[in-house]
Amino acid sequence: MSIEKPAITSFQPPVRTLMGPGPSDVPPRVLSALARPTVGHLDPAFVGMMDEVKTLLRYAFQTRNELTFPVSGPGSLGMETCFVNLVTPGDKVIVCVNGVFGQRMAENVRRIGGVPVIVEDAWGEPVDPAKVEAAFAANPDAQLFAFVHAETSTGALSDAATLAAIARRHGALTIMDCVTSLGGVPVLLDEWGIDAAYSGSQKCLSCTPGLSPVSFSEAAVARIKARKTPCPSWFQDLGLVLGYWSGAKRTYHHTAPVNPLYGLHEALVILAEEGLEASWQRHRDNHLRLRAGLEAMGMSFVVREDARLPQLNTVWVPEGVDEAAARVRLLNEFDLEIGAGLGVLAGKVWRIGLMGHSSRPANIALCLAALEAVIRR
Ligand SMILES: Cc1ncc(COP(=O)(O)O)c(C=O)c1O
């Protein structure tokens with residue numbers, strides 16, 4: 001053997017408080033669910049649990065959509081699953097871009113051979129419905145519309161009900177990114193008429209990263225069934241995946257991440273026990289607590305008040321403070337993670353997450369005290 005045995009021992013991660021843009025703190029109940037015995041991914045006990053996960057996700061998404069399940073992969077794979085199944089080469093898609101994740105949606109459309117029509121808003125602004133209306137008027141042949149509900153790169157929340165209603169009036173199906181919104185603010189797929197939605201396990205659901213809940217309306221399923229060309233991704237082809245996630249007899253498609261799905265199940269049970277309305281209210285209350293403390297320290301928010309995400313607080317870094325050095329100190333001295341700015345906001349802002357289990361008064365007290373200490377120095 002030419003490669004020496006490495007002298008590496010078990011990995012022991014530090015215990016951090018996660019107040020960045022995700023992942024959020026994972027509660028002990030979810031961590032212990034992950035450690036339960038692994039069973040076969042076609043074991044009847046596991047299949048029963050998969051059905052419960054779908055039921056719990058329908059509650060979280062507020063939908064009766066049959067096609068609701070977690071994709072085995074991070075939010076980015078949920079995003080791709082929506083686009084790769086719904087968009088065929090040459091399709092025009094109206095895509096709203098007001099931050100990093102809208103840009104990624106447009107890139108998905110391009111790579112599939114679709115034609116993105118970009119509706120642009122400034123970073124930190126919500127999507128402007130008037131611009132969307134104008135884009136449909138100029139592109140009556142657009143059959144798909146995509147936007148990010150909660151833009152994690154800026155902390156802006158867009159008006160999903162109004163945007164989806166515009167798309168419906170123009171005969172288009174709506175794809176919504178709710179990676180950061182699900183569980184933290186209202187996400188009402190059926191009421192708003194959203195046709196395809198994807199989320200992530202690691203934000204307000206407070207599960208470990210790596211799973212992406214998705215949901216598709218009947219109209220979206222009909223569009224997928226009417227495709228003339230096969231979905232270009234074998235792994236994400238919903239027609240194939242469904243043999244595994246639904247029906248009386250489950251067939252092998254891929255080996256599901258068994259233990260991570262135990263974790264998601266537990267996280268969704270915790271959400272159902274708390275209740276969606278109570279969870280939304282807790283996120284709102286804790287945002288107001290954090291906001292009072294940050295403003296008392298002289299910090300101001302990037303996003304205007306009526307479009308602010310309670311679970312992601314983006315503030316301008318105070319003048320004279322080295323933003324990257326401050327984050328390093330928070331991590332080293334307080335075991336506290338907050339997020340940096342992305343793209344045009346890089347170096348200028350902090351993104352402070354209050355997502356899921358991280359949205360607690362104790363975390364807020366730690367964050368404010370630690371920031372105060374670091375800024376004063
Ligand atoms: C709004 C939004 N969309 C998509 C993603 C991608 O999710 P993931 O990092 O799990 O692939 C993220 C991740 O932060 C996000 O915030």
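Whatever order the structure lists them in is the order used to number ligands and atoms, beginning at 1.
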Distances only, to 0.1 Å: what are the N or O pairs between ligand 1 and the protein that fall under 3.5 Å?
| from | atom 1 | to | atom 2 | distance (Å) |
| --- | --- | --- | --- | --- |
| ligand 1 | 3 (N) | D177 | OD2 | 2.6 |
| ligand 1 | 10 (O) | G75 | N | 2.8 |
| ligand 1 | 10 (O) | Q202 | NE2 | 2.9 |
| ligand 1 | 11 (O) | G75 | N | 3.3 |
| ligand 1 | 11 (O) | S76 | N | 2.8 |
| ligand 1 | 11 (O) | S76 | OG | 2.5 |
| ligand 1 | 14 (O) | K203 | NZ | 2.6 |
| ligand 1 | 16 (O) | T152 | OG1 | 2.4 |
| ligand 1 | 16 (O) | K203 | NZ | 3.4 |

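Ring orientation note: the planes of W234 and H253 are close to parallel, at an angle under 30° on the 30°/60° scale.
Residues E133 and H170 meet the side-chain proximity criterion, which asks for heavy atoms closer than 4.5 Å. The shortest distance between side-chain heavy atoms of R351 and T154 does not fall below 4.5 Å.
Residues N65 and S215 bring a donor and an acceptor atom of their side chains to less than 3.5 Å of each other. Side chains of H41 and Y244: a donor on one and an acceptor on the other come within 3.5 Å.
When ring centroids are compared, H265 and F46 stay outside the 6.0 Å threshold.
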